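Below is one structure, written out as structure tokens; comments come after it.
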Amino acid sequence: TYWRAGDVATVDLHIQLPSAIDELLTAQDVAEHTVTLDCGGAKMRIPDASLHLCIGVAHDMLHHDGVNRGSTELRYLVELADQLDTQSRETDWAWVEAKKSNSAFGRALDLQILMVCHLFGTSPPLSNVGGLGVRILHYRRLLKMRFPKIGYFEWRIVRYVLKKVRELR
């Protein structure tokens, strides 16, 4: 569901998916995991719980570069925590896990799940969450949350290195 009595939310309207998300989701995914609504003559496609989860993770961690920055945004984690806590029957976890074949998304999803489990005390809905590399990135995020100044300097160094790597290509 996309509303609850007494809750306030924002709506993020797009005419197309950002490139980091577009690489993950196919036209078939969008067709199978959305509901089309008529809103005053305008057609709107509303994602189901599974697609909403994938878009939220990809938006925060890939589009907004959360994996590289090592940042933690609670606005996305709260929704994910709710889905993990209720083990939402609306979420097709097998389909979500299949999307982990995209390595960038798999890393992003595992990082988000580890953080939700750490902060909210939920258990992972997927059997295989995070290898050694993902766990190192997770501990990096925890360190940056606890010591923001270290995180600031670390991110400046990471940005510099990423810029130099791009220049070498």
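For this chain, numbers begin at 1 and follow the sequence in order. Keep in mind it's a predicted model, so treat the numbers as computed, not measured. Only heavy atoms go into these numbers, but all of them, side chains included; no hydrogens, no water, no symmetry mates.
Between the side chains of E73 and H64, no donor N or O sits under 3.5 Å from an acceptor N or O. Side chains of N102 and E23: a donor-acceptor N/O pair is absent below 3.5 angstrom, by distance only.
Separating the CG atom in L74 from the CG atom in L119 is a distance of 7.0 Å, to the nearest 0.5 Å. To the nearest 0.5 Å, atoms CD1 (I46) and CG (L51) are separated by 10.5 Å.
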Steps toward side chain to side chain contact (heavy atoms under 4.5 Å, CB included) verdict (V129, L114): CA-CA 8 Å; V129 176; L114 288 173; 4.0 Å; yes
Derivation of the side chain to side chain contact (heavy atoms under 4.5 Å, CB included) call for M115 and T72: CA-CA 8 Å; M115 187 58 78; T72 302; 3.7 Å; yes
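W155 meets the ring pair (Phe, Tyr, Trp, His ring centres under 6.0 Å) test with no other residue; sequence neighbours excluded. Looking at residues two or more places apart in sequence or on another chain, you find a salt bridge (charged side-chain N to carboxylate O under 4.0 Å, His left out) between R140 and E154.
The existence of a salt bridge linking D110 and K100 is confirmed by a sub-4.0 Å separation between a basic side-chain nitrogen and an acidic carboxylate oxygen.
Residues E97 and W93 have side chains not in contact (no heavy-atom distance under 4.5 Å, counting atoms from C-beta outward). At least one side-chain heavy atom of L53 sits under 4.5 Å from a side-chain heavy atom of V96. Proximity of D48 to V35: side-chain heavy atoms (C-beta onward) are nowhere separated by under 4.5 Å.
The list of salt bridge (Lys or Arg N to Asp or Glu O under 4.0 Å) pairs with a residue in residues 26-47, not counting sequence neighbours, reads D29-K99.
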